[in-house]
Amino acid sequence: MSAAAKAIASLDLKRRALSLGAVKAFDHALQFLLPVVLVRSLDTATFGEYRLLWLALGTVMAFAPLNMPGSLFFFVPRSEPGRRRRYVHNTMLFLLAAGVVGGIATGPWNGLLPEAVAPLEPYGALVPLFVAAWIAAVLLDVLPTVDERIGWQAAATVGVSLLRTVLVGTAAWVTGDLRVMLWVLVATALVKLVVLALYVQRHHGLRKSWFERGQFSEQFRHAAPFGASNALYALRGQADQWVAASLFALSSFAAFSIAAIVSQVVLVFRHAVLDAFLPSMSRLQASGDLRGMMEMNARGNVLVANALFPLLAFTFAFAEDIVAFIYTAAYLEAAPAMRVYIVGMVALVVEVGSVVLLLRQGVFALWFGAIVLVVAVAVSWSAAQHVGLAGAAAGSVCAVYLDRFIMLRRVSRLTGIGLGALQNWRELARAALFSVLAAAAAWAVVEPLVEPVLWRLVLGAALIAAVYGAAQFRRLRA
């Protein structure tokens, strides 16, 4: 590519990343807003059941898709239309089957379910019905982005998110009954499934052939190791919550689940940038330009760090105020655990999963992920018993740092690029340092002098933004 073409391509990628970032920020803002309504509409036990429902779904979702939707980022950009259609059909059929299996596994008839999910048994078949429908429709969260139809992805994501937030929030506010909320969630999942079918019909077609054994086998063999590895990675974070659900009261688990919401902030930035950059990274890898692929990955990580680090620093400094203002003082137990999670979120800025996917290191990631999961569970269980609720978050934090260290060394060896050149460590460190200094200065000024919680948060955020912005502006001027 010429220098001009590279500049245009880079600008287009940034626009896509910003567009997807805005959409995902809106989606996660609604997901953030909904619990704010629920904690004021439900008692702590019912809210704990609601969070337990999503924990159970998240655990099934860790395994069920087996990265079949994610594999489309690898196959679709490099395939002709007929093969692209079959890859999409293969994925839809697989997810329908996975939804059925997931629904059966989460039913009250399954005697192997852990004791921690016993509070969901009174809701009968509604739980497995919701799980099955949600899994079957999950392709809608990925497919328009794979096709690089960002407008379609924005409309689908925002529409479904708005529908779920309004319906669930209204049901909780009016009835305070989780059974009614479950019916609403089932309806939302079915609407999402219908929208997916309409999208596929319009842009890929629903005509034959729906299934081709050889092509499905190729896709599944590529996706399954990464799916299993991703499942183990997801379980590392969920293991903390299962530990909290098993060792502490349902109300304490509800507070702990609120602490874990901070991870959604990372997902907003990471996935927006990743989804925008991944198709181009896939093409660079296919052409043999591994250095170009890693340079694109490094640029994306710096982009995430510059937006994310100040926000994490603000949340760490004002954790108690944030929990009290947003979720009420009934959930103040969440603040210490939230700080523990934030320490782990710093390392998550360095995204390596996409690189591991493109380098076809699924088997290595699978076995290494299993080892890290065992470490995470052991650390969380032990720390929870000795430290308390916040200790349950320690396992996933330790696992994140171990994972990043080993995976970066593996990528360095495979690409022939030195560990120091894999990422723009100087820019990442600078963003982290400026964020810490800005948050420390804001806390030192605001916390002892300002009494109302809202004003502490507003002034704290303003000071962090001003100090961080000034530091970055001065660096750029220099």
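All heavy atoms count here, side chains included; hydrogens, waters and symmetry mates do not.
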Task: Chi angles and distances behind the side-chain contact (heavy atoms from CB on, under 4.5 Å) call for Leu53, Leu57 - done: CA-CA 6 Å; Leu53 168 70; Leu57 173 64; 5.7 Å; no
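- No side-chain donor-acceptor contact under 3.5 Å links Ser41 to the backbone of Leu38.
- Across every non-hydrogen atom of Ala399 and Val372, the tightest pair is CB-CG1, 3.3 Å.
- Side chain of Arg149 to backbone of Thr145: no donor-acceptor contact under 3.5 angstrom is found.
- Here the closest heavy-atom approach between residue Ala334 and residue Ala259 is recorded as O-CB, 3.4 Å.
- Using a 4.5 Å heavy-atom cutoff, the side chains of Leu42 and Glu49 are not in contact.
- Residues Leu389 and Pro336 are not in side-chain contact: their nearest non-hydrogen atoms beyond the backbone lie 4.5 Å or more apart.
- Ring geometry for Phe47 against Tyr50 counts as parallel: the plane angle stays under 30°, on a 0 to 90° scale with 60° as the upper cut.
- Taking all atoms of both residues into account, the shortest heavy-atom contact from Leu190 to Ala133 is CD2-CB, 4.2 Å.
- Counting heavy atoms from C-beta outward, Leu457 and Phe314 have side chains that approach closer than 4.5 Å.
- One distance of note links OH of Tyr199 with CH2 of Trp152; it measures 7.5 Å at 0.5 Å rounding.
- With no hydrogens or angles considered, no side-chain donor-acceptor pair links Gln215 and Asn90 at under 3.5 Å.
- Residues Pro65 and Phe94 fail the side-chain proximity criterion, which asks for heavy atoms closer than 4.5 Å.
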- [ ] Please lay out, stage by stage, how Val160 and Val191 fare under the test side-chain contact (heavy atoms from CB on, under 4.5 Å).
- [x] CA-CA 8 Å; Val160 171; Val191 168; 5.6 Å; no
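- Between the side chain of Thr106 and the backbone N or O of Gly103, at least one donor-acceptor pair lies under 3.5 Å.
- Counting heavy atoms from C-beta outward, Val127 and Leu182 have side chains that approach closer than 4.5 Å.
- Both tests pass for Arg339 against the ring of Phe316: distance under 6.0 Å to the centre and angle within 45° of the axis.
- Summarising the geometry of Val100 relative to Ala132, their closest heavy-atom pair is N-CB, 4.4 Å, with the distance given to 0.1 Å.
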Open item on the list: Phe309 vs Tyr468, test: ring-ring contact (aromatic ring centres under 6.0 Å, His included). Steps then yes/no.
Closed with: CA-CA 10 Å; Phe309 282 165; Tyr468 182 81; 8.8 Å; no
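- To the nearest 0.5 Å, the span separating NE2 on His203 from CZ on Arg85 amounts to 15.0 Å.
- The local environment of CZ in Phe248 is crowded, with over 12 non-hydrogen atoms from other residues, nucleotides or ligands closer than 6.0 Å.
- Between the side chain of Arg404 and the backbone N or O of Val350, at least one donor-acceptor pair lies under 3.5 Å.
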Task: Worked verdict on Tyr327 versus Ile322 for side-chain contact (heavy atoms from CB on, under 4.5 Å) - done: CA-CA 8 Å; Tyr327 298 106; Ile322 291 171; 5.6 Å; no
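- For Phe130 and Trp54, the distance between ring centers is under 6.0 angstrom.
- Contact annotation: the side chain of Leu72 never approaches that of Val142 to less than 4.5 Å [non-hydrogen atoms, C-beta and beyond].
- Between the CZ atom of Arg40 and the CD1 atom of Ile326 there is a distance of 9.0 Å, given to the nearest 0.5 Å.
- Looking only at side-chain heavy atoms (C-beta outward), Lys192 and Asp141 come within less than 4.5 Å of each other.
- For the atom pair OG1 of Thr157 and CG of Leu140, the computed distance is 6.5 Å after rounding to the nearest 0.5 Å.
- No donor-acceptor pair under 3.5 Å is formed between the side chain of Asn424 and the backbone N or O of Ala298.
- Between the side chains of Glu218 and Tyr87, a donor-acceptor pair is found at a separation under 3.5 Å.
- Here the side chain of Ser257 pairs a donor or acceptor atom with the backbone of Ala254 at under 3.5 angstrom.
- A donor-acceptor pair is defined here as one N or O able to donate and one able to accept, closer than 3.5 Å; such a pair exists between the side chain of Arg179 and the backbone of Pro122.
- The CG atom of Leu120 sits 9.5 Å away from atom CG of Leu113, with the distance rounded to the nearest 0.5 Å.
- Panel note: side chain Gln219, backbone Val88; no donor-acceptor pair is recorded below 3.5 Å.
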TODO: Could you walk me through whether Trp242 and Val117 pass side-chain contact (heavy atoms from CB on, under 4.5 Å), step by step?
DONE: CA-CA 10 Å; Trp242 283 115; Val117 300; 3.4 Å; yes
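- No donor-acceptor pair closer than 3.5 Å links the side chain of Glu427 to the backbone N or O of Val302.
- Using a 3.5 Å distance cut-off with no hydrogens or angles, the side chains of Gln423 and Asn297 do pair a donor with an acceptor.
- Below 30°, between 30° and 60°, or above 60°: for Phe220 and Phe216 the angle between ring planes is below 30°, a parallel geometry.
- Taking each heavy atom of Gly102 and Val60 in turn, the nearest pair found is CA-CG1, 3.9 Å.
- In plain terms, the two heavy atoms of Leu428 and Val349 that are nearest each other are CD2-CG1, 4.1 Å.
- Residues Leu143 and Val200 meet the side-chain proximity criterion, which asks for heavy atoms closer than 4.5 Å.
- Residue Trp109 qualifies as enclosed at atom CH2: its count of foreign heavy atoms under 6.0 Å is above 12.
- How far CE of Met345 is from CG of Leu312: 8.0 Å, rounded to the nearest 0.5 Å.
- Without hydrogens or angle criteria, Ser380 side chain to Gly395 main chain gives a donor-acceptor distance under 3.5 Å.
- For the residue pair Ser251 and Glu333, no side-chain donor N or O sits within less than 3.5 Å of a side-chain acceptor on the partner.
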